[in-house]
Each structure stands twice: as C-alpha cells, then as structure tokens.
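Note sheet for the following structure.
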Protein chains: 2
Amino acid sequence: MNIEIEKENKLAELFGALSEPNRIRIIKILRDSDHELNCGEVSRLLQIAPSTVSYHFKALRQAGLTKTRQQAQTKYLSLNMETFNRYLPSFLDSL
Amino acid sequence: MNIEIEKENKLAELFGALSEPNRIRIIKILRDSDHELNCGEVSRLLQIAPSTVSYHFKALRQAGLTKTRQQAQTKYLSLNMETFNRYLPSFLDSL
DNA sequence: TCTTTATTTTTATATCCATCGAAATAACAA
DNA sequence: TTGTTATTTCGATGGATATAAAAATAAAGA
C-alpha cells in the first residue's frame with residue numbers, strides 16, 4: 001500500500017509537470033524532432049523569454065521526463081524514455 | 001495549427017486535474033469499484049474533509065474526467081469514459 | 001584578457017491551489 | 001414544520017506556479 005501511495009504521488013508529480021501548455025509543446029516538439037532542443041531554439045519557437053524556457057526545462061527534468069546533454073555553453077534536451085515507458089506508456093503516441 | 005493549440009491546452013487542463021495525489025486516488029477507486037462513489041464515502045476513505053472532497057469532485061468534473069448522477073441529497077460520481085478514450089487512451093490501465 | 005553567447009539563478013509580482021471550518025443549500029423524514 | 005443528512009459555497013491561510021527583467025555563471029573565441 002505504501003508503494004501504491006508512492007506511485008500516486010509520482011504520477012501526480014508527472015502530471016504536474018505536464019499541466020502547462022508550453023511544456024506539452026516542448027515534449028511534442030522533442031517527440032517529432034530529429035534533433036535535440038536547446039533553450040534558445042525553444043524560446044524562439046514558442047515566443048517566450050529564455051529564463052522562462054529554462055524554468056520549464058528544469059521542471060521537466062526534475063520530474064524525470066527529460067535528460068540533458070551539455071556541449072560548450074549549450075544544453076541539449078531530449079526525452080527520458082525510461083520514465084515514459086514506466087509511468088506513461090503509450091502517452092507519447094496520444095499527444 | 002489552432003486545433004493543435006486547443007488540444008495542448010485541453011491536455012494541460014486534464015493533467016492539471018490529475019496533478020494531485022488525492023484526485024489520482026479518486027480516479028483509481030472509481031476504476032476499481034463496482035459502485036459509484038459519493039462525497040461522504042471518499043471523505044472517509046481518504047480521511048479528508050467533505051468540503052475538500054467536494055472541491056476535488058468539482059475539479060475532476062470541470063475537466064470532464066467524471067460525471068455525476070444525483071439521487072436525493074447524494075451525488076454519485078463515475079468516470080467519464082468519453083474523455084479518457086479521446087484524450088488519455090490506455091491511461092486507466094497504467095494507473 | 002576581453003567580449004560574445006547561452007543558460008541559469010535571483011528577484012519580484014500576480015495568480016492559482018489545497019485545505020479546513022463555518023455557513024448555506026437542498027432533500028428527505030418524522 | 002422541524003430536524004437530520006449530504007453536499008456545496010465562502011472565507012481565510014499557507015504554499016506553489018508562471019512569467020520576465022536583471023544579474024550571475026560558464027564556455028568560446030578574438
């Protein structure tokens with residue numbers, strides 16, 4: 001039962017990270033894109049400030065939905081498929 | 001593209017409704033139960049005030065995740081499968 | 001070393017959220 | 001009609017969230 005409570009808390013955390021339209025868009029762009037995304041590119045695509053994008057990146061990463069790879073000054077974002085497969089199987093298909 | 005923006009907003013709304021552990025538990029209980037749920041029963045099951053349960057019921061209903069049937073003073077909650085099938089197919093199975 | 005570039009953190013603000021107790025509402029029942 | 005029961009609304013509170021400008025960080029290159 002404790003394990004179940006933990007799962008419910010984790011799912012609530014994941015849904016919290018997905019409860020913002022711009023973050024849904026980031027996930028969707030990542031799914032459809034053939035290249036990783038960085039902060040500046042998303043800022044231009046979604047027309048929101050870089051600091052706001054950074055904030056959303058952090059929210060997605062903290063929930064475990066994304067991973068980052070750093071190259072020089074630039075951080076590249078990609079999906080963390082382990083989390084999707086474990087907690088939200090087939091979610092990406094329905095996006 | 002406008003339609004897509006609408007879908008992203010709707011998904012964000014649904015995830016917002018699911019971003020609270022007690023609401024996840026309500027959905028899960030509804031999925032597993034053979035009878036509809038009312039406010040008082042959930043209040044006892046989850047050990048939270050009836051007014052808080054009413055607040056959660058409203059959040060779930062406004063997002064379209066549940067439906068209500070009223071009988072006398074009591075309102076019975078059930079899942080709105082149309083919404084799950086349309087926006088979150090296979091989600092209930094992964095709960 | 002100095003400048004440019006990309007991102008993150010900080011600060012500030014306005015808004016939203018979860019919770020409860022108390023009051024209001026609504027329907028039944030004696 | 002009066003009292004009981006179930007739910008909702010209201011009011012208050014403490015905490016989280018989304019946003020952007022400004023400042024800080026960090027790497028690259030001239």
Side-chain angles (χ1 to χ4, degrees), chain A residues 5 8-30 33 35-78 80, chain B residues 5 8-30 33 35-78 80:
Chain A
I5 287 176
E8 289 146 12
N9 288 345
K10 180 62 187 176
L11 282 171
E13 184 191 358
L14 291 176
F15 291 136
L18 293 168
S19 69
E20 214 286 319
N22 281 323
R23 291 203 285 262
I24 302 246
R25 289 181 193 118
I26 292 170
I27 296 293
K28 200 170 189 173
I29 294 171
L30 281 170
S33 183
H35 61 288
E36 299 162 305
L37 290 177
N38 59 53
C39 192
E41 184 177 0
V42 172
S43 174
R44 285 186 297 277
L45 283 171
L46 299 184
Q47 292 288 301
I48 52 183
S51 60
T52 303
V53 175
S54 177
Y55 170 78
H56 288 318
F57 275 17
K58 192 178 187 179
L60 291 170
R61 183 172 39 75
Q62 282 185 335
L65 291 169
T66 57
K67 295 182 293 191
T68 39
R69 177 179 70 84
Q70 179 157 6
Q71 181 178 3
Q73 307 107 309
T74 306
K75 277 192 177 170
Y76 292 98
L77 211 75
S78 60
N80 183 354
Chain B
I5 287 176
E8 288 145 12
N9 288 345
K10 181 62 187 176
L11 283 171
E13 183 192 0
L14 292 176
F15 292 137
L18 293 169
S19 68
E20 214 286 319
N22 281 323
R23 290 203 284 264
I24 301 251
R25 290 181 192 117
I26 293 170
I27 296 293
K28 200 171 190 173
I29 294 170
L30 281 170
S33 183
H35 62 288
E36 298 161 306
L37 290 176
N38 59 54
C39 192
E41 185 176 1
V42 172
S43 174
R44 284 186 298 276
L45 284 172
L46 299 184
Q47 293 287 299
I48 52 182
S51 60
T52 303
V53 175
S54 178
Y55 168 79
H56 288 318
F57 275 18
K58 192 176 186 179
L60 291 170
R61 183 172 39 74
Q62 283 184 335
L65 291 169
T66 56
K67 294 182 293 190
T68 324
R69 178 179 70 85
Q70 178 156 7
Q71 181 178 4
Q73 307 107 309
T74 307
K75 278 192 177 172
Y76 292 98
L77 211 74
S78 60
N80 183 353

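Numbers restart at 1 for each chain; the letters A, B, ... are given by sequence-line order, proteins then strands. Computed from a predicted model, the values in this text were never measured in an experiment.
- The distance from atom CD of A:Glu41 to atom CG of A:Leu77, rounded to the nearest 0.5 Å, is 11.0 Å.
- Panel note: side chain A:Gln70, backbone A:Ala72; a donor-acceptor pair is recorded below 3.5 Å.
- The footprint of chain A on DNA chain C, defined by a heavy-atom cutoff below 4.0 Å, extends from C:dT5 to C:dT9.
- Atom OG1 of A:Thr74 and atom CD of A:Glu36 lie 11.0 Å apart (nearest 0.5 Å).
- The nearest whole Å value for the distance from the OH atom in B:Tyr76 to the P atom in D:dT5 is 15 Å.
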Notebook entry, point to check: Once each nucleotide of nucleotides 10-23 of chain D is scored for protein heavy atoms under 4.0 Å, what B/S/- sequence comes out, 5' to 3'?
Noted result: -------SBBBBB-
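- The residue B:Thr74 sits close only to the backbone: its heavy atoms come under 4.0 Å of sugar-phosphate atoms, none of a base.
- For the pair A:Glu20 (side chain) and A:Ala17 (backbone), a donor-acceptor distance under 3.5 Å is absent.
- Side-chain atoms of A:Lys10 come within 3.5 Å of backbone atoms of A:Ala63 as a donor-acceptor pair (strictly under, hydrogens ignored).
- Minimum interatomic distance between B:Val42 and B:Phe57 (heavy atoms only, all atoms of both residues): CG2-CZ, 3.8 Å.
- The side chain of B:Lys58 places an N or O atom within less than 4.0 Å of a non-bridging phosphate oxygen (OP1 or OP2) of D:dT9.
- Considering all non-hydrogen atoms of both residues, B:Ala49 and B:Ser43 come closest at C-OG, 4.0 Å.
- We find that CZ of B:Arg69 is positioned 12 Å from P of D:dT7, with the value rounded to whole Å.
- Taking all atoms of both residues into account, the shortest heavy-atom contact from B:Leu60 to B:Ile26 is CD1-CG2, 3.9 Å.
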Close N/O contacts between protein and nucleotides 25-30 of chain D (under 3.5 Å):
{"residue": "D:dA27", "atom": "N3", "partner": "A:Gln73", "partner atom": "NE2", "Å": "3.3"}

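- In this structure, A:Ser19 contributes its side chain and A:Gly16 its backbone to a donor-acceptor pair below 3.5 Å.
- Between the side chain of A:Thr66 and the main chain of A:Asn80, no donor-acceptor pair closer than 3.5 Å is present.
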